[in-house]
Every structure is written in structure tokens, then in C-alpha cells.
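What you see is a predicted model; the values in this text were computed from it and never measured.
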Amino acid sequence: MMDDHVGNHYDVIIIGTGAGGGTLAHRLAPSGKKILVLERGAFLPREKANWDTKQVIQKERYCTSEVWYGSEGKAIHSTTHYWVGGNTKVYGGALFRFRERDFETVIHKGGISPEWSLKYRDFAPYYAQAEKLYEVHGQRDLDPTEPQCNEAYPFPKISHEPYIQALHNALQKKGFHPFYLPLAIRLNEVEPLASACIRCDTCDGFPCFINGKADADMNGIRPAIAHTNLTLLTGAKVLRLHTSASGREVTGVESEIAGKRQMFSGEIVVVACGAINSAVLLLQSANDRHPNGLANSSNLVGRNYMAHRHAVVMTITAQPNPTVFQKTLAVLDFYWGEKEFAYPMGSAQLLGNIHKDKLIAYGSPLIPSIVFDAIAKRSVAWLLMTEDLPDFNNRIGIKGGKIFLDYTNNNSVAFNRLIKRWTTVLKSVNHLHQTGLFKSPFLHISQKMTSKEIAHQCGTCRFGEDPKTSVLDLYCRTHDVDNLYIVDSSFFPSSSALNPSLTIMANALRVGEHLLERLK
């Protein structure tokens with residue numbers, strides 16, 4: 001049964017409220033245009049469980065229960081989140097600008113990272129806007145790889161706690177260039193009573209009970225829905241996009257809301273479901289004019305899936321680590337390689353505090369909980385990130401109504417070298433940041449992440465100038481369908497080795513500016 005109510009026509013329909021959709025909604029809301037935002041999830045509940053490590057980490061309370069499948073049919077229980085704000089509700093808030101060279105052709109040991117049709121200079125003004133919108137804290141001119149920028153971060157750097165400051169100093173003594181992570185945290189260290197953030201130890205990977213994160217919900221959607229011309233419908237899963245007989249325009253957005261199917265229409269339709277689900281929606285919307293999926297004349301929808309090569313390197317010592325808010329430091333000295341290895345390797349940044357429940361989730365069931373607790377209290381963890389190269393055969397597909405993620409790792413030589421090199425660096429600074437007479441021994445453990453962790457998904461509907469080699473044009477409009485846009489990380493031709501969120505946000509602001517001109 002399909003409900004097709006009169007009045008369901010809008011100037012713009014936005015599907016999804018994450019880094020792309022939430023930012024675009026914020027940009028378009030003041031225009032006065034009639035805007036509909038459809039979100040399959042609800043507002044994430046504020047509850048004690050937000051900060052309960054067992055509920056969040058072991059029981060994956062806020063992750064989707066949806067099951068995807070690998071190429072051989074193996075079930076994948078992904079760590080993606082369907083809420084207003086999307087995955088930004090649980091992100092660590094690290095908002096990096098891509099480096100200038102990330103937009104050029106880059107030769108890797110494992111292949112080639114392709115050139116973008118737009119360059120850093122094209123994104124720079126929108127990076128600045130996004131940093132202000134998402135309250136990014138940081139300090140310029142400390143990292144040699146940092147792109148050119150003539151203005152300071154909109155908010156001051158987030159200070160290191162003593163243990164991390166000592167680690168920072170030790171890295172500097174060894175000739176490295178540690179710098180403050182650019183973080184989207186609603187923190188005021190000068191006036192703590194006016195601060196939403198309280199520097200707790202359940203931030204990175206957790207929802208924030210006190211709304212201390214600058215995420216796509218709090219900084220994008222909440223201000224947007226204050227405008228009466230914008231309507232947000234939650235619990236609205238979009239099933240399919242319908243086109244005109246010519247196939248050149250989207251004429252209907254078919255959604256399921258409270259068990260009923262409803263059809264909406266818009267002058268412009270913007271998909272922002274995340275790189276995986278945006279590709280799935282286009283593939284599910286196949287019709288006579290688009291037999292291989294909507295806007296898929298290039299056969300690239302769902303192809304070139306990337307999600308970064310990730311690893312965690314954890315240092316364990318006999319001395320406790322008293323740090324509460326740990327995610328404040330990053331090092332990019334090996335981003336473009338080193339003297340003995342003339343290929344990019346990647347980035348290193350501190351993770352939030354390691355909790356025993358995280359170790360239990362990934363560790364052996366034979367190890368007692370008390371051991372994991374002792375390890376967690378004496379550890380510091382780094383996230384290492386190597387660029388995942390685009391591969392035509394790494395793809396998202398649908399079969400029998402199921403989502404398939406067909407993915408094979410690449411760029412492994414650089415990734416393995418980064419893990420080994422960074423472990424060597426950590427060993428070299430072991431005793432430089434310890435105080436007192438007792439110098440405790442260190443243990444370094446590394447673990448590679450699997451296809452289950454898809455927080456940095458990108459690349460499934462790349463943009464470009466040639467319809468034969470790209471899905472989207474330079475304003476992220478599909479080449480094949482005139483009124484259909486995509487504003488999440490699908491448009492990335494390459495993944496870089498940095499968190500993608502700020503580039504998604506900046507691009508949404510750029511596309512929003514274009515849409516406002518089109519709507520005049």
C-alpha cells in the first residue's frame with residue numbers, strides 16, 4: 001500500500017543526516033526553500049548507557065543489527081550507526097584537511113592514487129567554513145605536511161594531559177613533529193563552567209551523554225530544524241528512487257515510515273547515506289532506463305570502495321597511565337614516506353582511552369577480566385592509517401536483497417612498514433617520558449582492523465569530468481540524472497591517509513552553495 005499525499009513535493013529532498021547530509025541541511029535551511037530530510041534512524045537516546053563501556057563496546061548497543069556479507073557469503077556485522085547525525089554521533093571528532101598532494105596523482109608502493117579534478121585550493125574556503133561550523137580546535141604550523149592556511153583554527157588547541165605532554169616532548173627530542181589533533185569537541189578550557197565537553201574518558205567511539213561533541217546532529221541538524229521550511233522525518237528508510245520515462249529525472253523517493261510506504265518528490269534529490277548505502281540505493285533503483293542501477297552508465301556505482309588500512313598499536317607498561325582525555329596528539333612524519341622508503345606510509349594519532357571491555361571484546365575468552373583491566377589502565381593506544389587505494393574490483397553489490405562487500409586488501413607493504421616503523425619509534429621514546437627512578441618495561445602490541453570497521457568508507461560513486469570514468473560531475477550531480485546529487489564520501493576518487501569527515505563536510509558546503517544558485 002503506497003501513500004502518495006498531496007503536498008509531498010519539495011524543492012530539495014536530502015536522504016541521510018551524517019557528515020554530508022547534516023551539513024547540507026544546515027547550509028540550505030536558511031534559504032526559505034521547502035526542504036525534506038529523510039533519516040532512517042531516530043535521535044540517539046540520551047541515557048546512562050551512552051557511557052557504559054560494556055553496552056557500547058561489547059554489546060554494540062548503538063550499532064546497526066543489519067547484516068552484510070563478504071564475497072564468499074560470510075556474514076559481516078558492521079560497526080555502522082543509523083541515527084540522526086549518522087556515524088558522527090560516535091566519532092572521535094578528528095577533522096583533518098587533506099594535504100595538497102592528496103589531490104594530485106600519488107605513486108604508492110602498492111599502486112596509484114589518482115588525481116582529483118578539483119584541488120586543495122578549491123576546497124580550502126569550504127574547509128575553513130566547516131572548521132567554524134564544527135568548532136574545530138587546533139594549532140597551525142606544527143606539522144610539516146599541513147596544507148597552506150592563512151588563518152588560525154576557530155578554537156584553541158586542546159591541551160595534553162601530563163602523561164601525553166611527556167610523550168609529546170619525548171617525540172620532539174627524537175626529531176619528530178607531534179602536533180595537536182584538530183578536534184570537533186565543544187570544549188572551553190578557559191571557562192569550564194561554560195563548556196559542554198568535560199574531557200571524559202568515554203568520547204572516542206561513544207555517544208556523548210552531555211552533547212559535548214560537535215557532530216552532524218548537534219551542529220548541523222538541530223540548528224536546521226529550527227527553520228520552519230525544513231521538515232525532518234526520522235524512522236524513514238528510503239527504499240528506491242523512481243525516475244521519469246526518459247530516466248533523466250528522479251520523480252519519486254519511495255520510503256517506508258512506520259510500516260507504510262510513502263512517495264515524496266522533489267525538484268532536487270540529494271543522497272547522503274554513506275558510501276556503502278548510497279551505492280546500494282542507486283543499485284536498488286534500477287529500471288528500464290537504468291538496468292544496471294540508477295546513474296550507472298559508467299558501471300562504477302559501488303566500485304572502488306575504500307575504507308583505509310587501519311591498525312592499532314598499543315603500548316603497555318607497568319606504570320599506570322592516568323590520562324582521562326587521551327585523544328589529543330598526532331604525528332605525520334611518515335605520511336609521505338621516509339629516506340629509506342620513497343612511498344607514502346600514512347598517519348599516526350592517539351586513540352581515546354582503552355577500556356577493559358574493548359580488550360575483552362577483541363581478546364581471548366580464557367584471559368580473566370582482571371588482567372584486561374590491569375592492561376587497560378597501563379596502556380596508550382595509537383591509530384595507524386595507510387591509504388586504501390581504489391580498486392575496480394573492490395565493490396558494493398546487492399544480491400537477493402542482501403548487501404555484499406567484496407573487498408581485498410591492498411597497499412600492504414606500506415601498511416606493514418608503518419606498523420613496524422611506528423613501533424620502533426615508540427620503543428625509542430619508551431623511557432624518555434617516564435618520571436621518577438623506576439623505569440618500567442614496555443610491551444608493544446599491534447592489531448590490524450578488519451572489514452567490519454567501515455567508519456572511513458568512501459569512493460563508491462567517484463566524481464570527475466568524464467561520464468565514462470566517473471558517476472558524478474564536479475558538483476556531485478550524477479552524470480545520468482539531472483536532479484540527483486550525492487554529498488557523502490562516495491565522491492572521493494582516493495582516500496588519502498587521514499580521517500575523511502572534514503572533507504565530506506567541506507564538500508557538502510561547496511555543493512550547497514551550488515544548489516542555492518540552481519534553486520534561484
Side-chain angles (χ1 to χ4, degrees), residues 1-29 33-45 62-66 68 78 80-90 207 215-218 220-243 250-285 294 398 401 403 481 483-488 490 508 512 515:
M1 182 72 179
M2 184 85 69
D3 288 340
D4 192 4
H5 298 301
V6 176
N8 278 3
H9 186 79
Y10 295 82
D11 294 309
V12 182
I13 297 176
I14 301 171
I15 306 167
T17 60
T23 304
L24 181 65
H26 184 277
R27 182 70 181 87
L28 299 183
K33 298 296 182 180
K34 188 179 179 184
I35 301 167
L36 174 66
V37 180
L38 298 170
E39 168 56 52
R40 70 187 295 175
F43 283 97
L44 195 148
Y62 301 107
C63 294
T64 178
S65 59
E66 187 176 65
W68 301 340
S78 82
T80 200
H81 302 80
Y82 298 146
W83 302 100
V84 175
N87 285 314
T88 69
K89 290 305 293 183
V90 298
D215 58 40
D217 170 19
M218 295 306 301
I221 291 297
R222 301 289 178 101
I225 59 178
H227 295 264
T228 57
N229 57 295
L230 185 144
T231 301
L232 169 67
L233 294 181
T234 59
K237 182 180 180 180
V238 175
L239 305 174
R240 185 182 182 89
L241 303 178
H242 296 261
T243 68
V250 173
T251 54
V253 177
E254 183 181 343
S255 307
E256 184 176 65
I257 303 173
K260 291 185 178 181
R261 297 201 176 192
Q262 295 193 40
M263 189 77 78
F264 304 94
S265 62
E267 296 297 315
I268 293 170
V269 176
V270 183
V271 176
C273 308
I276 292 174
N277 280 301
S278 287
V280 167
L281 179 58
L282 266 59
L283 293 172
Q284 287 178 333
S285 300
L294 197 59
I398 53 172
I403 298 174
V481 184
N483 66 338
L484 178 62
Y485 291 75
I486 301 180
V487 295
D488 51 36
S490 302
L515 292 178

Spatial distance of atom [atom1] ([X]) from atom [atom2] ([Y]) [nearest 0.5 Å]:
X	Y	atom1	atom2	value
L282	L294	CG	CG	5.0 Å
I268	L484	CD1	CG	10.5 Å
L281	L239	CG	CG	8.5 Å
S278	D488	OG	CG	3.5 Å
H242	E254	NE2	CD	4.0 Å
I15	C273	CD1	SG	5.5 Å

Can you check whether [Y]'s main-chain N or O pairs, donor with acceptor, with [X]'s side chain at less than 3.5 Å?
X	Y	result
D217	F43	no
S285	R240	no
N277	V280	no
T234	E39	no
W83	Y62	yes
T17	G85	yes
N483	E267	yes

Flag the pair [X] / [Y] as yes when at least one side-chain heavy-atom distance between them is below 4.5 Å, and no otherwise.
X	Y	value
I257	L233	yes
L36	V12	no
F264	L38	yes
N8	M263	no
C63	H81	yes
L515	V270	yes

Legend entry - Residues forming a ring pair (Phe, Tyr, Trp, His ring centres under 6.0 Å) with Y485, sequence neighbours excluded: H514

Closest non-hydrogen atom pair, [X] against [Y]:
X	Y	result
M218	P223	O-CD, 3.4 Å
G20	A508	O-CB, 3.5 Å
S490	A275	OG-CA, 3.2 Å
V37	A25	CG2-CB, 4.2 Å
L44	K89	CD1-CB, 4.2 Å

Legend entry - Donor-acceptor pair between S265 and H9 side chains, under 3.5 angstrom: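 Result is yes, a qualifying pair exists.
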
Inset, instruction - Indicate yes or no: does E66 engage R40 in a salt bridge with an N to O separation below 4.0 Å. - result: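 A salt bridge links E66 with R40.
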
Legend entry - Pair K34 + D11, salt bridge at N-O below 4.0 Å: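 Judged by the 4.0 Å cut-off on N to carboxylate O distance, K34 and D11 do not form a salt bridge.
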
Inset, instruction - Just jot down the side chain to side chain contact (heavy atoms under 4.5 Å, CB included) partners of T80, sequence neighbours excluded, or say none. - result: T64, W68, S78, Y82, N87, I454, Q457

